[in-house]
Amino acid sequence: QDQFTSSIKYGDHIYATVTSGSLSKDKSVLAPYLLKYDLKGNFISKHDLNIQGFVAPSIIGINEDKIYIDGYSYSYRYMTPMVGSFDIERETFEVLIDDINFRKHNKVNGRLITGDTLYLIVESDHIWEESSEPSNFYRLIKYDLLTKRKSVYEFPFDKSARQFIYKNL
């Protein structure tokens, strides 16, 4: 079943992200796409985003004729957040950040483009592991869209704060 996850207007077009089986050559496989429509809702084109196991695409925003999209990169044992950009003029997709691996389980909790900077709030946890460390860590990733420079800032935490401990019953 196809699942539309986000859309954005740019000029005289609407761009939408979708995870689709019906658009794929192999109808049994779900694949990520960026779809382009005119303002009347007429379909114009589809763009395959299936790079490095990219799944669950969602539009973050637009900057300088590029649509920034996040989702997850699926590997054999886990999924990790990934960010890419779709160049509207060239109709190409480029992976920008694919190494958000602070721990086994990472997810993007917040995302924003302001000016020429992309900000991501990433939560990393190990809720399925026995550990005496706090279960969740939060980091801010600041990505300069012009220089492609990435900075990571770790949020301070209080070790005495409440912790969620997950155990199989």
*Worked verdict on T5 versus T17 for side chain to side chain donor-acceptor pair (under 3.5 Å)*: CA-CA 6 Å; T5 52; T17 54; 2.6 Å; yes
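- We find the CZ-CE distance between F54 and M82 to be 4.5 Å, quoted to the nearest 0.5 Å.
- The CZ atom of F4 sits 7.5 Å away from atom OG of S20, with the distance rounded to the nearest 0.5 Å.
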_Quick one, F93 with I69, criterion side chain to side chain contact (heavy atoms under 4.5 Å, CB included). Give me CA distance, side-chain angles, the key distance, then yes/no._
CA-CA 9 Å; F93 183 68; I69 302 170; 4.3 Å; yes
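- Looking at Y68 and I62, their side chains never come closer than 4.5 Å, going by heavy atoms from C-beta outward.
- Grouping the Ile, Leu, Val, Met, Phe, Trp and Tyr side chains by contacts below 4.5 angstrom, directly or via other members, places L34 with I8.
- In terms of the side-chain contact (heavy atoms from CB on, under 4.5 Å) criterion, residue partners of L140 (sequence neighbours excluded) are, by chain and number, Y119, I121, Y153, F155.
- Judged by distance alone, the side chain of T19 and the main-chain N or O of P32 form no donor-acceptor pair under 3.5 Å.
- A heavy-atom distance below 4.5 Å is not found between the side chains of L145 and T117.
- Residues in residues 14-50 take part in these ring-ring contact (aromatic ring centres under 6.0 Å, His included) pairs, two or more places apart or across chains: Y37-F43, H47-F86.
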*asked:* Assess the residue pair L120 and I97 against the criterion (side chain to side chain contact (heavy atoms under 4.5 Å, CB included)); give the C-alpha distance rounded to whole Å, side-chain angles, the decisive distance to 0.1 Å, and a yes or no.
replied: CA-CA 11 Å; L120 302 171; I97 304 173; 4.3 Å; yes
*Please lay out, stage by stage, how Y10 and I67 fare under the test side chain to side chain contact (heavy atoms under 4.5 Å, CB included).*
CA-CA 9 Å; Y10 182 74; I67 300 173; 5.6 Å; no
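- Counting heavy atoms from C-beta on, the side chains of L118 and L112 never come closer than 4.5 Å.
- Side chain of D2 to main chain of V18: no donor-acceptor pair is present (N/O by atom type, distance under 3.5 Å, no hydrogens or angles).
- Residue pairs meeting the salt bridge (Lys or Arg N to Asp or Glu O under 4.0 Å) criterion with at least one partner in residues 56-70, sequence neighbours excluded, are D70-R111.
- Both L35 and I14 are assigned to one and the same hydrophobic cluster, defined by single-linkage of ILVMFWY side chains at heavy-atom distances under 4.5 Å.
- Note on V83: it clusters hydrophobically with I113, by side-chain heavy-atom contacts below 4.5 Å among ILVMFWY residues.
- The two residues G11 and L39 have their closest heavy-atom pair at O-CD1, 4.5 Å.
- More than 12 heavy atoms of other residues, nucleotides or ligands shown are found within 6.0 angstrom of CG on N42.
- Listed by first then second residue, pairs satisfying salt bridge (Lys or Arg N to Asp or Glu O under 4.0 Å) with a partner in residues 37-46 number zero, not counting sequence neighbours.
- The main-chain N or O of A16 is never found under 3.5 Å from a side-chain atom of S7 such that the two would form a donor-acceptor pair.
- Residue pairs satisfying the salt bridge (Lys or Arg N to Asp or Glu O under 4.0 Å) criterion with at least one member in residues 79-91, sequence neighbours excluded, are listed as follows: D87-R90.
- The OG atom of S45 sits 8.0 Å away from the NE2 atom of H13 when rounded to the nearest 0.5 Å.
- Residues that satisfy the salt bridge (Lys or Arg N to Asp or Glu O under 4.0 Å) test with K9, not counting sequence neighbours, are absent from this structure.
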